[in-house]
Structure formats: structure tokens, C-alpha cells
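When reading the values below, keep in mind they use all heavy atoms of this one structure, side chains included, and skip hydrogens, waters and symmetry mates.
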Amino acid sequence: MKHRTIIRTLAALIILALALAAPALAQTPKKGGIIRVGVMGEAPALDSHWTTATITDILTGHLYEGLYTLDENRRPVPMLAEGMPTVSQDGLTYTFKLRQGVKFHNGKEMTSEDVVPSLKRWGQRSIRGRPLFASVAELRAVDKYTVEMRLKERSAIVLIALALPSSQGAIYPKEIAEKFAPEVKATEYIGTGPFKLAEWKPDQYIRMVRFDDYKARSENSSGYGGARIAYVDEIRWIPVPDVATRVAQMETGELDVADDLNLDAYDRLKANPNVRTIAAKPYYWPVAVFNKKEGWGANQKFRQAWQAAVDIEPILKAMAGGRSEFYRMDSSLAFPEVAAWHTNIPGLPWNERNPGKAKRLLQEAGYKGEPVRFITTQEYKWMYDFALITKQQLEDVGFNIDLQVIDWASVIQRRNNPKEYDAFTTGMGAEEMYEPTLHGALSCAWPGWNCDEEVQKIQVELARETDPKKRYALWERQTLLFYEKVPLIGYGNLFGLRAIRSTVKGFNEKTDRIRLFNVWLDK
Amino acid sequence: MTQYLIHRLLALIPVMAVVVTIVFFLIHLIPGDPVSVMLGPDATEVQIEATRRAMGLDQPIHEQLFKFYARILRGDLGQSYFLDRPVTTALWERAEPTLVLTLSALLVAVLIGVPSGILAGAYRGSLWDQTLMTGALMGVCIPGFWLSLNFIYLFAVRLGWLPAAGYTSLFVDPVATLRHMVLPAISLGFNQSALIARIARSCMLEVLQQDYIRTARAKGLSQRAVVYVHAFRNAMVPVTTVIGITMAILIGGAVVTEIVFNIPGLGRLIISAILRRDYPVVQGVVLVTAASYVLINLAVDMVYAFIDPRIRYE
């Protein structure tokens, strides 16, 4: 009798121990497997210096690395650099020590010989590198593992520009950086990342395999920074342009991860026990950008009238498929996740819903019902939704909106020509907000052309000022000016829908773009 | 016959010349710029202009056209702006999935369409006729993409019998190719089977009115012998034309099916090429598609002679 009780107790304890250990075992990373990722389309290039296309950023983020990257708080942290740079007292000389023993995918060691030509190419080519290199006097290799950057004037953007993940300052082997001139797209893809390119079959797949000689950093993983460990043998990126097909393939298990899903599919995916849905935040800041060179967009009173007329929440809600968990009302020019530049300024003229004020401002602008060309696209459903409801709201107060729906390729061409439009729709991602001087909404070179003297004066001050407190004060002034000048209308924060299979473990939800290092499969 | 064939093949040259010229102008006339797409939404005008110069897109349109002609005469369709490979290589890579898809869809269309039409025609007014023609009407009315999405939901998501999308090469794993092709081929072929069935039925009805059929019946032949031995082959001549047209329609219709089922064929290639303004690829795909239309028509004309010995080409 006693014997039987002991056996029963032991059996119960073993079962309990196994039950308790099971989740812990499931959380233990393991190597192996192929992770299949459904993406919207094909990358226009795998040359990180060459384009800001989101898909290029996602793919090349696994192949290449820069001297710095961003942690989960969007602050620069070292990647190929050993640590933070030493800066001379006058703030004009930055010295970067490189990590030793880091290898390229071709087996060669990464040294200052590779860093200098890579950053020079990036500085001439990339929209992220050019603003920094405008103030670089000299970049040179001091020794095998030391690089020195001398500036013409003090700059606040050295670290952040080198850390941006979009069109990043990727370090290529010297031979590649010198072989492909800045205006020529690189077609050899060698980096220092945890994965290396194995095969690219356009419109079918891109295969990246684990780089076994990868040397991970010792710090804990945080955002894009810290240790990057490739657990899966292979990442297979599969372009699936039709969103309904991406959803179906997530349900059937043909894909393990899918991005940019339609919010209409949320309930279906959420009900599937094998799929986990993720609200990708931040995702986009939907904006209507005015052409400030000519036409009605160049009239400040007209822009203020538009700002006074719109009721943001119903527009944002429509974009988010009616789901409150996929949008956020916020007037700041930076997402709350970009904590360094998020502002909370009360009383801004945002979401005023004031038809009387809008009508008065229209009158002061001298507007008499002339057609206003507002261009948008149906390729991004949320853009079309917000343009359509905006049109209705504006016409209620006397605007005459000529909504022109064209394909995205035409939008990005036409918006470069000031003769062709008064306003256009687009969305800005977090990468626009990491650093105020690189913010697209405040750029004189970017379509819409925010060349206002006062705005640009503050931008110059922001670029020179290195004290974080003073910079933040300048940024608050810039935000107030933004709501007075109204270069564009911000429509709050829209979140995206991502999905992963329940067998995908260790997925990092703190990065704006998908990263699959530190991810393993529990199949 | 040989002379006729040579004559028809020579006629291909002016057709192709007209097609490539029209397509060249059409693709260059629509707004949108490959460089803007390639460089991403944040590119500045200065960067865009520099890259346009590097790619030769800043040259006058007539110069670009003459260079295009010169390349074609050398058998070179140019280099894709996006795919980092010659257009001919890109076309070659995409030809297999499209060919497999259109041929399987054609097989589905013929296997459903011809027997349905023959049966409906032979037993006019019967329950068979009414049921099959209602099915044909539905086939014409149901949009292909709707059918595709429902097939995916039912057979892939709910039942898990077949993959939802994708493609495996016939040379890698023929069984996987077959599994991937079942749903797209039925979705694409079902629509066209309706057209074939309706034409086959009316041809059958027309043939069954002929004197020689009456004679056959007077001789005491069974309905089966009359239909399958005497009427069927004669009814097939117009049906062959429709099958030829169907093949051409299927190449066009494959665009939607390839997108929904994520098949990396010519249809998906041309859609993505248009969206990113990859001019050389658009021109290449249209050239190949136009040539295949002409060649299919030629093949159909040749088949007539085999079906009906009275037809002779001088």
C-alpha cells in the first residue's frame, strides 16, 4: 500500500516537472530549419547605399552591418565599431575603433581599408549619408582598425546618420565599394551580417543562409543592436504580392512570417491557434503633403483651412479597418516610440474640426472653389481611404477636390513636378523621425519642398547644436512652427498587421522592420 | 503547304515591328519613372536625374527607340532595370510556369468543355442539356479571381488538401508541380470550358441537321454511332478555332491567376514590370506574347487540314 503511494507520488512529481519544464524547453533557442517569409514584392536593389525602399532595408539588414545601429529605444549603439567614438574637444574629429576579427562573407577580415571607401560611397549616394558628408572634411584610415572623420563644422548627426537602418552606411569589402561607382547599383552582395546571400531568383525567392564565421557582439540583443545570432539555417524571402494569398499561406503554414497584411484578415488570423498576430507599431504616419512651390498648396491660409477642416479620428479609424488597436491619435511629428523626439505640446491646431474657421481661412486665402488636384493611389488601401474621406470632409466646407487616383509609380514621379499637383498622399515611417534634421516633412529637397526660411533656419541650428536639451527645445519650436506653416497634414499614427506562426520563437517586436536574427523555429 | 507556312512566318515580321513600336511608345507615354521606383520614396530630384543619366533614360525618345530596334535586330531584348539580368534570361526563367499553367488550364477547359458541349448538343432539351448549359453559364459569369480565392480557402485553408500558392519546377519535383497546378488550372480553365462547351453544343446541333446525318440515321445507326462516328469530327473544326483562341485567352488570363496563386510566370512578370516601369521587360513580354498569339493561330490553321481533309493550303 505504502509502496504504491510512493510510486504514485513520484509519477505525479515527474509529470509536474515535465509540465513545468515544457515551456522552458520551448524557450531554449535551437539551431536549424528554414524560415519562410512572405513579403510584398521584389527588392529594386540589394545595395543598401542605393535606395530607401523598405524591402531593401528589410533584406539588407540581414546581410550588411554599419559601424552603429539602433537599440530598442532608437538610440545609436555600436555594431562594427568597438564602442562609441572618441570626439575631440572642438567636436570636429571623431575617431572610430573597429572590432577585430570580423569577417566578410568572402572570408576576408573587415578593416579600416574597407570602411573608408564604403562610407565615402554611402556619403555620395545615400539620402541618409549625404547630409552627414556635407560637413565631412576628411575620412581616413589611421591604422588597420582605426578610422578618423574630420568635420568642417560641428555636427549633431554623426552617430545617428551612421546608425540609421534605412539606406544604412553598410560596410562592403573595399573591392566592391570601389568597383561600383555611387551612381551604379552594386550587384555583388558581400557583407558582415549573420546571414549571407545564397541565391536570388527574382519573383520566386531570395535565399539567405547562416554565415557560420559570423562574430556576434557580446551585449544582449536590443532593437537592431547587441548580439545577432543566426539560429535558422536559412531564411527564404518569398515575394507574395497578393495580400489575400499571403494571409492564406500563413493559415496553411506555407509561410512562417508575413508582413503588411490586410486588417480585414485580422479576425481570421487571430482565430487561428497556429498563428500569432502582431500590431506592428510604429508603422506609418499618414500625411497629405502640399506642393509649396506653386498652386493652392503654396498658399499658407489655404493649408491652414485644410488643417482646420479635417476630423482626423474617423479618417484614421477607416484606415485601421475600424479597429482601435491599430491606430493612435497623436499630434507629434515623431512617434511616441521615438522617445527622444516625441512631443506633447497642448493646444496645437490639430484635429480642430472647425468648419467655421476653415471657411474663414479659405476666404482669406482668396479661394473661390477652383479644383484642387489631390493625388493618391489604390496600391496602398489606407492611402486611398484617407484621401477619399478627406475629400468628403473638405468638400463639406467648400473645397473642390479633384481626387486623382493613379498607380504608386506615377505618384512618386508626379510629386517631383510642381506643375502636376496641389497635394499628394504618402506615409512616413519611423526612419524619418530618428533625427529631426533628416525628417522628410522638413526637407527642402523632398517633394512638397518645405523651403520656408524660418523652418530651415531651425534645421540648421539643430544640425549644429550638440546639447540634447537645447536640441529638444529647438525641436519643440520647430513643431510649433510646423502647425503654423502647415507644410503637410499629419493624420495620427497607423499600425500595421504582421503575423508569425506559433512555431516561430524569439521574434523581436521592438524593431520597425522585420529582423530574423535571434529567431528560431520550434517545429 | 510549305510555301503557305513560310508566307505566314514572314508575315510575323511586320506584325512584330508594329507591336514593339506601339508598346515602346505606350510604356514611355504612361507617367511613372523606373528610377523613382528604384531609388525609393525618399530620393531627391538630383539623385533621380543622376541615375537617369547613368541609365540612358535622359536621351530623346527617338534615340531610345532606334537603340531598341538595333538591339532587337541583334536578338538582344536589353537588360532589366530591376532584375540584374538580361530580359531574355528573365523571360526564359518565367516561361516554364506560364506554359505549364496555360497547358493544364487548356486541358481542363477541353476536358470539361468538349464532352459537355457534345452531350448537350446530342441530347438537346434534355436534363443533361439544361444542367450542362447552366453550368456553362455559371462558368462564364464567375470571375476567375473569385473562384481562385474560394478554391484556396476551401481546398488549402479549410481542408488542407493542396497548397494555397507557389510553384515548384517540373524538373525539380513533378508531383509537387502537379499539386501546385491543380487549383490554378481549374480556376483558369473552368471559365474557358464554358465558352468551348457552348460552341461545341451549337456546332453539334448544326452538324446533326445535315443530310448525311439523316442518311446515317435512316440506315439504322445507333445515336451513339451517329454522334461519335459521323457528327463529332465535323463539329470539331470550329471548336478547334475556339480552342486556339482559348489558348491565347489563357495566356492573358494567366496574369490574374499567377498573381493570386503566386506563380512566378510571365503574367506576374509583366504586372510587376509595369508597376515598376521596367521598360525592357514589358517590351520583351509583349513581344513574346504577341509572337505566341500569331504562332498559335498559325498552328490552329494547320490543324484544320488534319481534321478536315477537304481543307488544302496552296
Given a strict heavy-atom distance threshold of 4.5 Å, which part of [X] is in contact with chain A: side chain, backbone, both, or neither?
X: B:I263; answer: neither
X: B:Y153; answer: side chain
X: B:L83; answer: both
X: B:L149; answer: side chain
X: B:R158; answer: neither
X: B:R85; answer: side chain

Looking only at heavy atoms, which of residues 252-259 of chain A get nearer than 4.5 Å to chain B?
-> A:T252, A:E254
Mind checking the [atom1]-[atom2] spacing from [X] to [Y]? Nearest 0.5 Å is all I need.
X: A:E42; Y: B:D278; atom1: CD; atom2: CG; result: 11.0 Å
X: B:I259; Y: A:T245; atom1: CD1; atom2: OG1; result: 9.0 Å
X: B:N262; Y: A:R246; atom1: CG; atom2: CZ; result: 9.5 Å
X: A:D203; Y: B:E258; atom1: CG; atom2: CD; result: 10.0 Å

Any donor-acceptor pair under 3.5 Å from A:K201 side chain to B:E93 backbone | no
Hey, does A:M250 have a side-chain heavy atom less than 4.5 Å from the side chain of B:V157?
-> no
In plain terms, say whether B:R268 and A:D242 are close enough for a salt bridge, that is, a side-chain N and a carboxylate O under 4.0 Å apart.
-> no
Options A:K185, A:R414, A:M428, ranked by heavy-atom pairs under 4.5 Å with chain B, top entry | A:K185
Of all of A:S410, A:G41, A:A248, which one pairs up most often with chain B through heavy atoms under 4.5 Å apart?
-> A:S410
Which one wins on heavy-atom pair count under 4.5 Å against chain A: [options]?
options: B:A164, B:S80, B:A90; result: B:A164
options: B:S148, B:A156, B:A165; result: B:A165
options: B:G160, B:P163, B:P97; result: B:P163

Enclosure of A:K270 NZ (heavy-atom neighbours >12, cutoff 6.0 Å) | no
Under 4.5 Å from any heavy atom of chain B - which part of [X]:
X: A:P239; answer: both
X: A:R268; answer: side chain
X: A:S443; answer: neither
X: A:E379; answer: side chain

Closest approach of B:G166 and A:Q249, non-hydrogen atoms and distance?
-> N-NE2, 4.4 Å
